[in-house]
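Following: one structure in structure tokens, then a few remarks.
In this chain, numbering begins with 1 at the start of the sequence shown.
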Amino acid sequence: GNDYIANTTFADGLNCSSRAIVEFPDGSRLEFDCVINVTNNAGGDSIDVAPLEFDLQGDGKPVYTRALSSLAITKPATKTQYIIGDTLDIGGLEVTGTYSDGTKEVFAITKDNISGFDSSKPIEKQTLTISVANKKVTYDIKIIDQLLSIAITKPATKTQYNVGESLNIEGLEVTGTYKSGSTKKETVTTSNISGFDSSKANDKLTLTITINSKTTTYTVKVVAPQQ
């Protein structure tokens with residue numbers, strides 16, 4: 001501080017050389033070698049109260065270090081929906097930084113720059129934070145459960161049809177089992193059922209229920225009208 005400057009008052013040569021660092025409000029820095037030229041040392045050292053005035057005379061080329069002002073996602077990650085247990089995938093993600101001098105730079109982002117990812121349980125909105133040099137930007141992802149299997153937990157009330165009748169799934173209950181271990185009663189409509197054909201008699205007609213590529217079956221009987 002003051003003592004350091006005061007001690008160079010009558011110094012010469014390397015004894016009055018130093019290194020100056022100027023930090024600007026935007027975080028940028030200017031560093032340069034300099035010669036300290038004390039113009040008023042009436043204050044002496046730090047125990048005196050009086051002016052201590054000096055100039056810094058540049059000695060060589062100064063070095064300006066720009067500061068990162070902000071981050072922005074300029075291309076989103078391709079994957080924003082995950083299944084429980086998935087690993088983070090930042091393919092397609094592009095992050096651009098803007099510096100204090102107005103210049104821009106596209107950063108090579110790795111998983112080490114990302115925090116907040118947790119695919120251990122389903123969540124509708126999970127915020128991931130990208131950090132570069134103390135600047136941050138965020139984006140949201142979704143974690144979904146994965147349907148592993150479906151099963152009929154309550155049979156359809158109607159399992160016998162007359163030739164020409166329409167499919168009736170009243171009473172049918174289908175339960176899905178998920179990767180998280182949870183179960184859920186699934187919504188089933190006639191559009192989930194395939195294989196139904198009441199155009200002719202059939203003692204054992206297999207119907208297939210499909211939900212998100214998972215299937216289960218049950219059988220019905222189609223009878224011809226009595227003569």
Side-chain angles (χ1 to χ4, degrees), residues 1-5 8 14-37 54-149 176-184 186 211-214:
N2 288 354
D3 290 349
Y4 177 78
I5 298 297
T8 65
L14 294 177
N15 291 328
C16 59
S17 294
S18 188
R19 179 81 171 170
I21 301 175
V22 180
E23 293 190 0
F24 299 98
D26 62 8
S28 58
R29 293 157 59 100
L30 185 66
E31 300 182 49
F32 56 96
D33 292 324
C34 62
V35 175
I36 302 172
N37 178 31
F54 63 95
D55 297 326
L56 297 180
Q57 299 175 351
D59 183 17
K61 184 178 179 180
V63 176
Y64 175 76
T65 304
R66 60 186 180 172
L68 183 61
S69 300
S70 64
L71 292 178
I73 295 173
T74 42
K75 289 183 182 177
T78 304
K79 185 168 184 174
T80 56
Q81 180 168 295
Y82 291 78
I83 295 172
I84 283 179
D86 279 353
T87 57
L88 178 61
D89 183 351
I90 59 173
L93 179 65
E94 180 183 276
V95 175
T96 301
T98 300
Y99 286 93
S100 53
D101 59 0
T103 58
K104 295 181 182 295
E105 178 182 355
V106 175
F107 291 107
I109 300 297
T110 70
K111 294 178 182 179
D112 291 336
N113 296 106
I114 313 289
S115 61
F117 180 76
D118 178 7
S119 66
S120 64
K121 57 184 180 297
I123 184 170
E124 192 67 24
K125 181 181 177 182
Q126 183 177 101
T127 300
L128 305 188
T129 301
I130 307 167
S131 301
V132 178
N134 296 321
K135 298 300 178 182
K136 302 179 187 299
V137 67
T138 63
Y139 71 101
D140 296 326
I141 62 168
K142 181 179 182 180
I143 311 291
I144 62 172
D145 216 342
Q146 182 180 18
L147 181 63
L148 299 180
S149 64
T177 299
Y178 287 80
K179 192 172 183 179
S180 65
S182 64
T183 59
K184 185 184 77 171
E186 303 293 338
I211 299 173
N212 291 338
S213 301
K214 304 303 176 183

From CA spacing to verdict: side chain to side chain contact (heavy atoms under 4.5 Å, CB included), Asn113, Ile90 | CA-CA 11 Å; Asn113 296 106; Ile90 59 173; over 6 Å; no
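- Heavy atoms from other residues, nucleotides or ligands lying under 6.0 Å from NZ of Lys179 number more than 12.
- Interatomic distance, OG1 of Thr78 versus CG of Asp89, reported as 7.0 Å (0.5 Å rounding).
- For the atom pair CD of Gln146 and OH of Tyr178, the computed distance is 10.5 Å after rounding to the nearest 0.5 Å.
- Side-chain contact check for Ser180 and Asp145: at least one donor-acceptor pair (N or O, by modelled atom type) lies under 3.5 Å.
- The shortest heavy-atom contact between Leu68 and Thr98 is CD1-O, 3.6 Å.
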Residues Lys79, Asp86; criterion side chain to side chain contact (heavy atoms under 4.5 Å, CB included); working and verdict = CA-CA 11 Å; Lys79 185 168 184 174; Asp86 279 353; 3.2 Å; yes
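- For the 3.5 Å distance criterion, the side chains of Lys136 and Ser131 qualify, holding a donor opposite an acceptor.
- At a threshold of 4.5 Å between non-hydrogen side-chain atoms, the residues Ile109 and Ile114 count as touching.
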Side chain to side chain contact (heavy atoms under 4.5 Å, CB included) between Leu93 and Val95, intermediate numbers included | CA-CA 7 Å; Leu93 179 65; Val95 175; 4.2 Å; yes
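- The line from NZ of Lys75 to CD of Glu94 is 5.0 Å long, rounded to the nearest 0.5 Å.
- Residue pairs that meet the ring-ring contact (aromatic ring centres under 6.0 Å, His included) test with at least one member in residues 102-149, sequence neighbours left out, are Tyr82-Phe117.
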Apply side chain to side chain contact (heavy atoms under 4.5 Å, CB included) to Thr80 and Asp140, showing your working.
-> CA-CA 7 Å; Thr80 56; Asp140 296 326; over 6 Å; no
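- For Gln126 (side chain) and Asp118 (main-chain N/O), a donor-acceptor pair under 3.5 Å exists by modelled atom type.
- Minimum heavy-atom separation, Ile130 to Leu71: O-CD1, 4.0 Å.
- Distance alone, capped at 3.5 Å, is enough to place a donor-acceptor pair between the Ser100 side chain and the Ala67 backbone.
- Annotation for Asn134: atom CG does not count as buried by contact number, only 12 or fewer foreign heavy atoms lying within 6.0 Å.
- One distance of note links OG of Ser69 with NZ of Lys104; it measures 9.5 Å at 0.5 Å rounding.
- Nearest heavy atoms, Ile83 versus Ile143: C-CG2, 4.4 Å.
- Between Lys214 and Glu186 there is no salt bridge, since no side-chain N of the basic residue sits under 4.0 Å from a carboxylate O of the acidic one.
- Summarising the geometry of Glu31 relative to Thr65, their closest heavy-atom pair is OE2-OG1, 4.5 Å, with the distance given to 0.1 Å.
- Of all the heavy atoms in Leu56 and Cys34, the pair that sits closest is CD2-SG, 3.9 Å.
- Residue-environment remark: CD (Glu124) stays at or below the threshold of 12 foreign heavy atoms within 6.0 Å.
- When all heavy atoms are compared, the tightest approach of Ser120 to Ile84 is O-CG2, 4.0 Å.
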